Trainee: 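Structure in structure tokens, see below.
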There are 2 protein chains.
Amino acid sequence: MHRDIRGSGSLNIHLKKSLKNSETRDDDASLSSGQDLLARLRADIVKHTFAPETKLKFSDLTERYGLGIGTLREALSQLVSEGFVTLEAGKGFRVAPVSRHDLAEVTEHYVSFEKRALTRSIAAGDDEWETRIVASFHSLSIIEDLSWAERMRRHGDWVDRHRQFHEALVAACDDRWLLRLRSLMFYQLERYRFLSKMNREKSPTRKGTEHRAIMEATVARDAQKATALLERHIRETSESILGTLA
Amino acid sequence: MHRDIRGSGSLNIHLKKSLKNSETRDDDASLSSGQDLLARLRADIVKHTFAPETKLKFSDLTERYGLGIGTLREALSQLVSEGFVTLEAGKGFRVAPVSRHDLAEVTEHYVSFEKRALTRSIAAGDDEWETRIVASFHSLSIIEDLSWAERMRRHGDWVDRHRQFHEALVAACDDRWLLRLRSLMFYQLERYRFLSKMNREKSPTRKGTEHRAIMEATVARDAQKATALLERHIRETSESILGTLA
DNA sequence: GTTGCAATAAGTTTCGAAACTTTTATAATA
DNA sequence: TATTATAAAAGTTTCGAAACTTATTGCAAC
């Protein structure tokens, strides 16, 4: 029943300063170890490293991330606000559950946000915006053109580039709250995407074609066409996920 | 009428160690002193106890709320996710700024959410839902029918009852994420409402009339009319606030 | 005056121990 | 065997101090 936790407890040496003096590349990441913990935790939940409804015990988390309880609580609290984690007083944190109903809701809101954001983005985007879209599409297509096995191996990269592509599309939208809400729903949907990816792989080439079509319509400033393609793209993905959720 | 938010009232938890026991009524919130800190902090920001862009120093906050640094950080982190607070690495927390542009965005999203939530609520609401609306409207109208001076004095109560009324309207909506997003925008708007209240008071009687009309149309299950009234109600309020924001 | 640079103060971030709660295991009783 | 009481374990929540960062002050040198 009980596992490895006790055994390694005595070797809890924190080596906070050990990395400090390396002058090689001192990014601004050093002063916000709590901020990237948030990203790491969210990524691990999205990737189902922690399955839905898993209890998130501090004894496990401190070991995994090498950070203190307070820091972890802070990050988990933010994930509660984002809807990835639930908190029951006195019982601690859990990964939020998934359900077909929840997926349906998230999909509807995401479609609504993304379409509006794309329309505004197309209206306001400049050359730099266009260029970033083309670049991020290319970066994504490199992975999507790979063989099945290779694509599976680099799935983590695909997720990052897929997110970057969709972010690039809407980057010129000037409605800050719309972007914020869109981002919220995007991450929720990403968790469901992983769920489906774990079960079976869909026709992969079509996805690449869809992304290209969306990219081209966007760069051509055809908001009507771009949003229609985008909506179908999102809905088809969600419906295929719904199939895997018994 | 009944507070069905926490269905289970089975928690009998005794007081914590060193609470000032002047409280005759013992709520079940005592287990999570961190959770009601979140509500208190949010309320203080909404009420402009902390003005926009105010620095939120821990030395001040620990004294004001009588809680430790860790607990405060946790609550502030959640408010960052909700958009009430900003965090700059190494510089600490600040109350999020306000602007006309931000208000315009928040208003649009809130209108969109509230209209859809009300429509769904009207379609699904039962007798209990109806009754709660009538009750919360009455509770609100008691304050709105008061004289100007008295209304000002009890403005804190008005805010609570106003929120409860609007929550009652949409309570039967079955889209959890829609309610969540609506709530997010509602609180944002509430901060702007306070901003306007501090400057000058609008025609007060009309507001009461508007609330009554919304209530009646909702109870009559006239979604078309109710949402139209609601939209105008929200937009007029926001526009009057826009006037005060130079 | 003002620019540069320590030294100091003020404030933030992180951590782990202590207090408290829930759960599990053990014992006692019928 | 089943039930309840009691003790131990596991886990959570809170707090304050230590480590670290940023802002301020003081003081030369120009």
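The shown structure was predicted, so the numbers you read here are calculated from the model rather than taken from an experiment. Per chain, numbering begins at 1; letters A, B, ... match sequence-line order.
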Trainee: Can you name the nearest heavy-atom pair linking L245(A) to R100(A), along with the distance?
Mentor: O-NE, 2.9 Å
Trainee: Listing time: all N or O pairs from protein to nucleotides 6-12 of chain C that are below 3.5 Å?
Mentor:
unit_1	atom_1	unit_2	atom_2	d
dG11(C)	OP1	K57(B)	NZ	3.2
dT12(C)	OP1	K55(B)	NZ	2.3
dT12(C)	OP2	F58(B)	N	3.4

Trainee: How many whole angstroms separate atom CG of L67(A) from atom P of dG16(C)?
Mentor: 10 Å
Trainee: For residues 170-178 of chain B, please give each side-chain donor-acceptor pair under 3.5 Å, one per line with the distance, not counting sequence neighbours.
Mentor:
unit_1	atom_1	unit_2	atom_2	d
D174(B)	OD1	R120(B)	NH1	2.5
D175(B)	OD1	H109(A)	NE2	3.4
D175(B)	OD1	W177(B)	N	3.2
D175(B)	OD1	L178(B)	N	3.0
D175(B)	OD2	H109(A)	NE2	3.3
W177(B)	NE1	D102(A)	OD1	2.9

Trainee: Can you list every side chain to side chain donor-acceptor pair (under 3.5 Å) pair that touches residues 75-93 of chain B, not counting sequence neighbours?
Mentor: E74(A)-S77(B), R42(B)-E82(B)
Trainee: Got a sec, which residues hit side chain to side chain contact (heavy atoms under 4.5 Å, CB included) with T71(A), two or more places apart in sequence or on another chain?
Mentor: L37(A), L67(A)
Trainee: If we ignore angles and hydrogens, is there a donor and acceptor under 3.5 Å between the side chains of R116(A) and S112(A)?
Mentor: yes
Trainee: Starting at CG of L61(B) and ending at C1' of dC15(D), how long is that distance when rounded to a whole Å?
Mentor: 15 Å
Trainee: Figure out the OH/C1' separation between Y65(B) and dT14(D), and round it to whole Å.
Mentor: 18 Å
Trainee: Keeping to residues at least two apart or across chains, list the side chain to side chain donor-acceptor pair (under 3.5 Å) pairs with something in residues 49-64 of chain B.
Mentor: D44(B)-R64(B)
Trainee: Contact list please: residues 77-86 of chain B against DNA chain C, heavy atoms, distance less than 4.0 Å, in numerical order.
Mentor: none
Trainee: Could you state the CG-P distance from L72(A) to dT14(D), rounded to the nearest angstrom?
Mentor: 16 Å
Trainee: With a 4.5 Å limit on heavy-atom distance, are the side chains of Y192(B) and T244(B) in contact?
Mentor: no
Trainee: Relative to F186(A), does R193(A) satisfy both conditions: NZ or CZ under 6.0 angstrom from the six-membered ring centre, and within 45 degrees of the ring's axis?
Mentor: yes
